[in-house]
Amino acid sequence: MMNEDPTALVPELALLTAAVLGLLLGSWLPRRRQGWVRALAVAACVIGLIATAVAATRPDEMVFGGSYAVDATTHATRAIVLVATLLLLGLSTDTVAGHRRETEYTVLVLLGALGSVLLAGAADLLLLFSAFLLASIPLYALAAWDKADLATEAAMKYYLSGAFAGVTMITGVTVLYGATGATGYAAMREGLSTGPAAAAAVGLVAVLAGLAFKAGAVPAHFWVPDVTDGTPPAVAAVLTTIPKIGALVGAYRLLTTAIPDTVVDWPPLLAVLAAASMTLGNLAAFAQTSLLRLLAYSTISQVGYLLMAIAVASRTPAALPALLFYLAAYAITNIGAFAVVAALPGRTIDAHRGLARRHPMLAVALVICLLGLVGTPPTAVFLGKLTVFAAAIDGGMAWLVVVAIINTAASLFYYLRWIAPVFAATDPEQHEPVVASLWARLTAVTAAAASLVLGVGGGLVFGFLGGTPG
Amino acid sequence: MLSLIVFAPAVVALVLAFLPATTPARVFVGAWIATGLVQLALVVAVWTAMPAVGYGFVERRAWIPSAGISYHLGVDGLSLPLLALTVVVFTATAVFAWRETRRPKAYVTLFLALQAVCCGLFVALDLILFFLFFDLSIVFMYFVIAGWGAGARARAAALKFFLYTFLGSLALLLGFILLFLAAEPHTFDIPTLVAANPLAAGGPYAGLTLLAIGVGLAIKTPTVPFHTWLPPAHTEAPATGSAVLAGVLLKMGTYGFVRIAMPILPASWRQFALAVVIVGVVSVIWGALVALAQTDLKRMIAYTSVNHMGYVLLGVGAAGLVAGSDEQARQLATTGAVTQMVSHGLITGALFLLAGSLHERGHTYQLAAYGGLAARTPRFAGLFAVAAFASLGLPGFSGFIAEFQIFTGALGAAPIPTALAVTGILLTAGLFLLAMQKLLLGPVRIPDAPGSPRPFGDLHPSETIPIAALLALATVIGLAPRFLLDLIEPASRALNELVTR
């Protein structure tokens with residue numbers, strides 16, 4: 001079966017074309033007109049979304065020699081990544097407009113988004129690794145985009161840990177290839193029925209290490225706080241959102257289609273990683289006073305909840321819709337929280353003191369996003385958590401749900417440390433009226449509203465995801 | 001109809017949110033009072049048109065069908081009294097807030113939102129809908145305490161309240177998910193779960209489910225040993241917040257027992273009913289004893305709430321002790337428990353509003369700072385005396401009707417715990433009499449500001465009217481309870497049939 005129909009890849013090609021054209025366009029346009037590149041990127045995302053919607057009506061298929069899956073999972077990932085990219089383009093408008101590297105920012109985001117989609121769709125280890133590189137290298141550059149001291153240091157850390165993760169991952173790919181005699185997922189599954197399981201386990205752990213790096217999960221999470229804190233919020237929001245989506249869906253696809261858990265018993269490993277991510281992320285977030293570091297650790301703990309769905313992926317059909325819905329909810333809510341930070345000049349909790357008086361809409365958006373990250377109904381993350389918890393119990397991991405519940409309650413503490421001063425009174429003399437950036441503010445309000453809409457209208461989305469959670 | 005009752009305050013809140021903050025405070029509070037009165041009229045209409053058995057005014061729409069979640073509302077004899085209580089307490093609170101001047105726009109919109117979610121909780125017939133309202137009530141109450149309480153201590157108390165009750169709500173969610181997975185097909189719908197009775201066999205899974213739900217509800221109720229969030233939250237909240245917290249939010253916990261825990265998990269409920277009875281009795285005694293030791297009026301009232309909620313647990317627990325009691329006794333205990341919820345809401349709401357009036361004049365809740373108020377402020381003294389007598393269970397008030405039924409119903413099944421619980425009445429009588437003696441009798445003593453003595457006026461009409469209305473209702477229920485009991489009794493009979501099946 002050699003299906004090489006490029007029309008199956010319209011969303012991916014749209015991103016790629018926009019990135020290449022954008023780079024060329026940006027080289028010729030004067031600096032104040034570089035907004036056209038962003039318009040091009042927006043157009044590419046919209047085209048990609050339309051193409052995804054059209055493609056979703058067609059039956060599932062494997063394209064390009066069975067190396068790339070075009071199915072409901074890929075469609076959902078495309079939609080999540082493209083919507084997230086649109087929100088990120090909105091969020092970053094104030095930061096990058098008129099900046100001397102405006103085009104570079106847009107192009108790098110597009111390439112990163114493309115890498116994330118490919119990670120999710122890959123059904124072959126080599127494609128998975130290429131997608132890993134595509135989702136990594138543009139984002140290393142993006143981390144250094146600001147060229148400030150901290151950003152350079154952040155990019156260096158990100159690059160070094162990424163390079164290490166990449167080497168580990170390619171080693172894992174090699175070992176898995178040796179153990180199974182194939183790189184395509186379907187063939188690997190057959191190969192594993194006779195091949196050495198111990199070697200396959202080693203290879204799998206190494207590949208997962210690379211994906212854990214992209215997702216920012218324990219134990220490959222050390223870059224997250226430094227990179228998030230060292231880069232502008234517009235960049236940090238990209239780095240903590242886009243690669244996670246592809247990495248987690250990619251891990252799900254690899255584990256469920258290539259590695260039967262009867263051969264390599266991976267669910268306990270994933271469960272331990274999930275518990276460690278949510279716990280360590282939360283514990284570290286407690287003491288933070290920098291908003292970006294706090295959000296960074298919050299994203300680590302969120303990955304923990306997402307990994308719960310992957311841990312029970314082979315045991316219950318409810319895991320997939322739960323994972324995808326939670327990813328969508330997380331992406332929107334996380335971008336909303338970063339947008340609030342981007343909208344204001346302050347980067348510490350104290351700087352947001354009294355925000356409710358100065359910018360009531362922004363304060364409400366912040367509360368919705370932060371309580372959304374906790375998982376308060378009726379926000380989208382609540383539905384995500386509900387379905388993930390239900391899937392985890394259904395998959396026989398009730399202990400993990402108890403850990404997650406304790407962590408959720410604990411996480412409320414540090415989110416409230418941020419929310420409480422927002423509604424506190426300020427000394428009017430000390431604080432100048434702060435001007436909030438228009439586009440970031442709009443993005444924050446849009447994301448908060450979307451989080452509520454997705455939470456209330458979740459029924460429609462689950463209908464699209466096709467599965468029954470629980 | 002029910003949707004209208006639930007969402008009317010939310011819509012009004014949304015409209016008010018678009019008015020400029022400089023609009024006079026009376027516009028906001030006036031809109032709030034009007035909303036409450038409209039809701040009250042609607043609830044009366046619902047009450048008069050209730051069917052004799054089963055759920056009335058059912059509304060059901062698909063919401064998230066693939067996850068077994070639907071938008072399902074309905075009222076029966078267990079929920080309608082509490083819905084009515086919610087509307088009454090909120091309307092009284094709105095009138096009491098007439099003179100509020102601190103950020104009236106945010107204040108009123110927040111309370112209206114809280115009003116909507118409280119009404120929604122009592123009519124929800126879907127576990128996730130129930131959970132949604134349960135959680136949102138915590139969020140809005142947090143902002144009320146943190147925003148209108150007194151300073152840094154209020155923020156700490158609000159944080160404790162949020163963390164503690166949020167942990168409880170997550171335990172509840174765990175229990176709901178366990179129920180969801182136990183039912184085939186999976187569903188969160190309460191009537192469907194009741195009919196299916198998926199955990200009829202009992203066993204460890206059912207026991208754990210009941211434990212998760214029970215802990216979640218016990219934290220909200222609150223019972224000993226999960227009550228420690230309550231006193232600081234009450235002490236630091238504004239008077240209106242305390243009245244709503246005690247009058248309405250605490251009922252969410254006990255209502256959860258009769259709506260969810262008892263009918264859906266009958267086997268486990270019967271198995272662990274004695275534990276519920278014991279927790280109830282410990283709450284009764286402990287709450288009363290600790291209340292006796294308080295020197296702070298508001299803390300004292302807060303601990304009597306623990307005491308009064310203990311009676312409710314005694315009642316619902318006794319309903320599960322099938323072996324040692326006849327059907328009529330169990331029904332009496334359940335009816336008494338529901339009546340106690342209504343009664344406590346009215347009386348404690350009034351007591352907290354009175355405490356707020358006192359604080360506004362004297363700026364302290366310390367009992368020792370006041371004395372002889374009967375001579376200085378006769379209206380306050382009269383209402384406080386009535387509320388105190390009603391709260392200690394004097395015949396003629398609703399508390400007596402409720403507690404008498406609970407004791408009569410529980411005595412046969414659990415004689416020793418019931419006898420112990422009756423001593424709780426003695427303790428509360430003692431502590432209220434002591435408080436009255438300190439506050440109302442003796443030489444006039446009011447806290448002074450440094451310098452000139454502060455004017456210490458009697459209650460304003462905007463304070464007298466809501467407090468008197470709450471107490472009048474408690475008296476009406478105490479003297480002519482049939483209109484209420486006729487509604488509750490069929491529902492509690494149905495509930496007992498579900499528990500014993």
Side-chain angles (χ1 to χ4, degrees), chain A residues 316 318 321-322 325 356-357 360-361 364 367-368 371 374-379 382-383 385-395 398 401-402 404-413 415-417 419-421 423-425 455-470, chain B residues 17 21 61-71 102-103 105-106 117 127-136 138-139 142-143 146-147 151-152 154-156 158-160 162-174 176-178 180-183 185-188 205 208 212 216:
Chain A
T316 167
F325 191 87
R357 311 284 165 83
M361 284 296 276
V364 169
V367 169
I368 292 174
L371 288 182
V374 179
T376 311
T379 57
F382 164 69
L383 261 186
K385 270 199 174 153
L386 175 71
T387 48
V388 166
F389 288 2
I393 296 179
D394 202 26
V401 176
V402 173
I405 279 180
I406 294 170
N407 267 301
T408 303
S411 72
L412 181 66
F413 178 75
Y415 291 121
L416 281 183
R417 276 187 55 222
I419 293 177
F423 288 86
V456 173
L460 296 171
V461 180
F462 274 115
F464 168 70
L465 293 176
T468 52
Chain B
R61 308 246 182 300
W63 183 14
I64 306 173
S66 58
I69 303 171
S70 63
Y71 175 81
R102 292 176 297 163
R103 287 173 285 144
K105 178 182 165 183
V117 298
L127 291 176
I128 293 305
L129 204 57
F130 181 92
F131 181 79
L132 180 144
F133 291 128
F134 193 91
D135 242 20
L136 284 182
I138 298 174
V139 174
Y142 165 79
F143 283 112
R155 282 200 293 282
L159 181 67
K160 188 173 183 185
F162 201 152
L163 287 177
Y164 216 135
T165 51
F166 190 74
L167 185 65
S169 81
L170 289 171
L172 200 58
L173 183 66
L174 178 66
F176 289 175
I177 295 175
L178 290 172
F180 166 77
L181 293 170
H186 296 340
T187 179
F188 282 109
Y205 185 95
L208 280 176

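Chain A is the first sequence line, chain B the second, and so forth, proteins listed ahead of strands; every chain is numbered from 1.
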A.B. asks: Which bit of B:L163 comes within less than 4.5 Å of chain A, counting heavy atoms only: side chain, backbone, both or neither?
C.D. replies: both

A.B. asks: Flag the pair A:F325 / A:F462 as yes when their ring centroid distance falls below 6.0 Å, and as no otherwise.
C.D. replies: yes

A.B. asks: Need one label for B:L208: side chain, backbone, both or neither, based on atoms under 4.5 Å from any heavy atom in chain A.
C.D. replies: neither

A.B. asks: Determine whether B:L174 and A:V402 make a side-chain contact, defined as any pair of heavy atoms from C-beta on separated by less than 4.5 Å.
C.D. replies: yes

A.B. asks: Side chain, backbone, both or neither: which part of A:V456 has a heavy atom under 4.5 Å from chain B?
C.D. replies: both

A.B. asks: By a 4.5 Å heavy-atom criterion (distance strictly below it), what part of A:L386 contacts chain B: side chain, backbone, both, or neither?
C.D. replies: both

A.B. asks: Looking at chain B, which one of A:A409, A:A410, A:G457 has the largest number of heavy-atom pairs inside 4.5 Å, strictly under?
C.D. replies: A:A409

A.B. asks: Answer with side chain, backbone, both or neither: which region of B:I138 has an atom nearer than 4.5 Å to a non-hydrogen atom of chain A?
C.D. replies: neither

A.B. asks: With side chains defined as the heavy atoms from C-beta onward, is the minimum distance between A:I405 and A:F389 less than 4.5 Å?
C.D. replies: yes

A.B. asks: Parallel, tilted or perpendicular, judged at 30° and 60°: which one describes the rings of B:F162 and B:F166?
C.D. replies: perpendicular

A.B. asks: Parallel, tilted or perpendicular: which describes the rings of A:F382 and B:F131, with under 30° parallel and over 60° perpendicular?
C.D. replies: parallel

